[in-house]
Amino acid sequence: MDLQLLSQKSVCQSAMGRGRRRNFCTSSKSPETSSDIETRVLVINTGGTIGMVLHNGVLSPEPNALVKTLRKLPILHDEQYAQQTKLYESYKPEDKTLVLPQSKLNKRVVYTFLEYSPLLDSSNMTPNDWSTIGKDIEKYYEQYDGFVILHGTDTMAYTVSALSFMCENLGKPVILTGSQVPIFEMRSDGRDNLLGALLIAGQFVIPEVCLYFYHRLYRGNRVTKVDSGSFKAFASPNLPPLANAEVDIEIDWDTVWRPSTTEKFTVYTQMNHNVGLLRLFPGITTDTVKAFLKAPIEGVILETYGSGNAPDNRQDLLDEIRKATQRGVIIVNCTQCLRGSVTISYATGQALSNAGVVAGFDMTPEAALSKLSHVLAKQDLTTEEKKKMMSRNLRGEMVADLQGAKISLSDSRFIQIIAKTLSIGCKEELEAIRDALMPTLACSAAKNGDTETLEAIRKMGTDLNKADYDGRTPLHIAACEGHLNVVEYLLSKRATVYSKDRFGDTPLHNAIHLRHKGVVELLRKSGAHVSSDELKDAGTELCRLAASGDLEGLRIWKLAGVDMAMSGYDGKTPLEVAGAIEHTEVVNFLKVA
Ligand code: ASN
């Protein structure tokens, strides 16, 4: 499967942007085409209906047929341009290289075929074939601007998902496509699908493994095949398309996934084959489940009902599942529903989580299976780390939100994404936006108890003492929430205990009011004290607590270092108030306080 290396010397051409601007060397050049920018796409043909012909009345792949046919189709190849620009001199191998007509964006997509042998009906594909594709993307990564993978539709959702996990830190488009009718037939969807995929792969830097079909570009790990008899064969039930190819190709850049690191692209092709999909159905026997979960199985996608439910009145089933998770088998809960997410809204869903099953949120079974296979192959990770990785959003394959709530500032994944995205650009404008957003994001992270995100925000150069619109710092928020770990973290990063919010409150005052004893102790150790402003009303508050016999409330004020003999607005001390109503316990406490 080696492609002849491209000739490095290309006469009469100059580098320009992503592509090369080609000048004409012949006198017949036309001004219209002389400014075309060329971009390069590698088309890997693995098989599928798109290149099939009838053999003995049934369809099977036809080797070495596709390029010959495409060369005769003007919408997919401009032979005149190739000749006039001596295209084949610079792009080898010439018999496998074609060029699209000029696009609306003045680009020329030059594409070269790499055809696998044998070509496969995708029903015959295995994880080893996914690895071959992954390795070829890696091998030719630097020579091309984008990649189009021709593939059968039957298992395309599995391959596209697997490739999305194999490709780490991808920076260029990889687009799978195929067709429902062979490209050689009169009414084929193959021509449109190939053209759309080539135009997108050659013109837009979408750093994702995608699937293009019937005018839509989808995130690969979000699709599933839903129709075997329609040109609209795929759906992406939980994520809108990344692009719509109608009159214009419109990319929804807000939906496009961006890698959170700036590390070099690599392909990790190892997959663990001891995985499986187990679909629950009413009346499923314990023996079936037991047999399925037996060694050598290491990971299972459990396809459950509705929002992740399984019978909670079937202790036999739950016991088998628990025994398997205790043996180290990773079981991931995905819904049988086409759309929606796994949540823990029902007792029947809670039962599975109690048995050690990991939530698969809104992942498709195809994405979940290939992710599990990918994660299980990481031998240097512990089972716990692998489970954590399964619950993390790695390539935009899921929204990891337990309550199924909308993405919001209180969702720490969202905060991390924003934080990381902002750290990518170093422009002044980005910095200004970062400075404006970060304090609020840090407060949200503190509310979620998320020290990981706080650390990411701090590493970006954000001062964790910066306050939000209400003058509240992350320490205020953590103190209110009683998140000891966050308070500890913030104090270790030198968060000040003295900042006051716009109501004049310190974190210590917040912790006293919300009765977070541990937080009060920690803050006190760091030198926190009730401010003189706060002390003004403290006497009255102590008297109120004494009057209501609230010993716990009084104890926390004492822990905060406040003088228990302070008098209230009417000059009475808390002890006098407690004595007047004969609250012995409080009186005894206050006497020695
Ligand atoms: N059986 C074919 C395949 O998956 C279906 C198709 O491509 N439309 O290879």
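Start at 1 and go down the list; that is how both ligands and their atoms are numbered. Numbers here simply count residues along the sequence, with the first being 1.
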Chemist: Of L176, L211, L239, I175, which meets side-chain contact (heavy atoms from CB on, under 4.5 Å) against Y218?
Modeler: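 Considering L176, L211, L239, I175, a side-chain contact (heavy atoms from CB on, under 4.5 Å) with Y218 is found only for L211.
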Chemist: Check for me whether K172 meets the cation-pi criterion with Y141, that is, NZ or CZ under 6.0 Å from the six-membered ring centre and within 45 degrees of the ring axis.
Modeler: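 Here K172 passes the 6.0 Å and 45° test against Y141.
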Chemist: Could R108 and Y81 be counted as a cation-pi pair, given that NZ or CZ must be under 6.0 Å from the ring centre and within 45° of the axis?
Modeler: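 Checked: cation-pi criterion met.
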Chemist: For atom 1 (N) of ligand 1, what is the nearest protein heavy atom, given as residue, atom name and distance?
Modeler: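 Nearest neighbour among protein heavy atoms for atom 1 (N) of ligand 1, to 0.1 Å: D154 OD2, 2.8 Å.
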Chemist: Against heavy atoms of G48, which atoms of ligand 1 measure under 4.0 Å?
Modeler: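 Counting atoms of ligand 1 from 1, those under 4.0 Å from G48 are 9 (O).
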Chemist: As an exercise, identify every atom of ligand 1 less than 4.0 angstrom from a heavy atom of G152.
Modeler: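 Those atoms are 3 (C), 4 (O), 7 (O), 9 (O).
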Chemist: Between the side chains of K225 and T153, is a donor N or O closer than 3.5 angstrom to an acceptor N or O?
Modeler: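 Note: K225 and T153 side chains meet the donor-acceptor criterion.
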Chemist: Looking only at side chains, do S123 and D121 share a donor and an acceptor under 3.5 Å apart?
Modeler: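 Yes - a donor-acceptor pair under 3.5 Å links their side chains.
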Chemist: Counting only heavy atoms, which portion of A233 has something under 4.0 Å from ligand 1: side chain, backbone, both, or neither?
Modeler: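 Answer for A233: neither.
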Chemist: Would P61 count as a contact residue for ligand 1, given that I'm defining contact as a non-hydrogen atom of the residue lying under 4.0 Å from a ligand atom?
Modeler: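 Flag not set, P61 not near ligand 1.
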Chemist: Is a salt bridge present between E397 and R222, judged by a nitrogen-to-oxygen distance below 4.0 Å?
Modeler: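 Salt bridge between E397 and R222, a charged N being under 4.0 Å from a carboxylate O: no.
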Chemist: Within the structure, does T155 bring an N/O atom to less than 3.5 angstrom of an N/O atom in ligand 1?
Modeler: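 Min N/O separation from ligand 1 is not below 3.5 Å for T155.
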Chemist: Just by distance, with hydrogens left out, do N221 and S164 show a side-chain donor and acceptor under 3.5 Å apart?
Modeler: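 Side-chain D/A pair, N221 to S164: present.
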Chemist: Give yes if a backbone or side-chain nitrogen or oxygen of S123 is under 3.5 Å from a nitrogen or oxygen of ligand 1, and no if not.
Modeler: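 N/O-N/O distance below 3.5 Å does not exist for this pair.
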Chemist: Tell me the protein heavy atom at minimum distance from atom 8 (N) of ligand 1, and give that distance in Å.
Modeler: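 For atom 8 (N) of ligand 1, the nearest protein heavy atom comes out as T153 OG1, 2.7 Å.
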Chemist: Any atoms of ligand 1 less than 4.0 Å from a non-hydrogen atom of S122? List them with their elements.
Modeler: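 Close to S122: 3 (C), 4 (O), 9 (O).
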Chemist: Could you list the atoms of ligand 1 found under 4.0 angstrom from a heavy atom of S179?
Modeler: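 Within the 4.0 Å cut-off of S179, ligand 1 contributes 6 (C), 7 (O), 8 (N).
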Chemist: Between E320 and K323, is there a salt bridge with N-O shorter than 4.0 Å?
Modeler: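 Judged by the 4.0 Å cut-off on N to carboxylate O distance, K323 and E320 do form a salt bridge.
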Chemist: Indicate yes or no: does an N/O atom of K225 lie under 3.5 Å from an N/O atom of ligand 1?
Modeler: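 No, there is no polar N/O contact under 3.5 Å.
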Chemist: State the atoms of ligand 1, each with its element, that fall below the 4.0 Å cut-off from a heavy-atom position in T49.
Modeler: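 Reading through ligand 1 atom by atom, the close ones are 2 (C), 5 (C), 6 (C), 7 (O), 8 (N).
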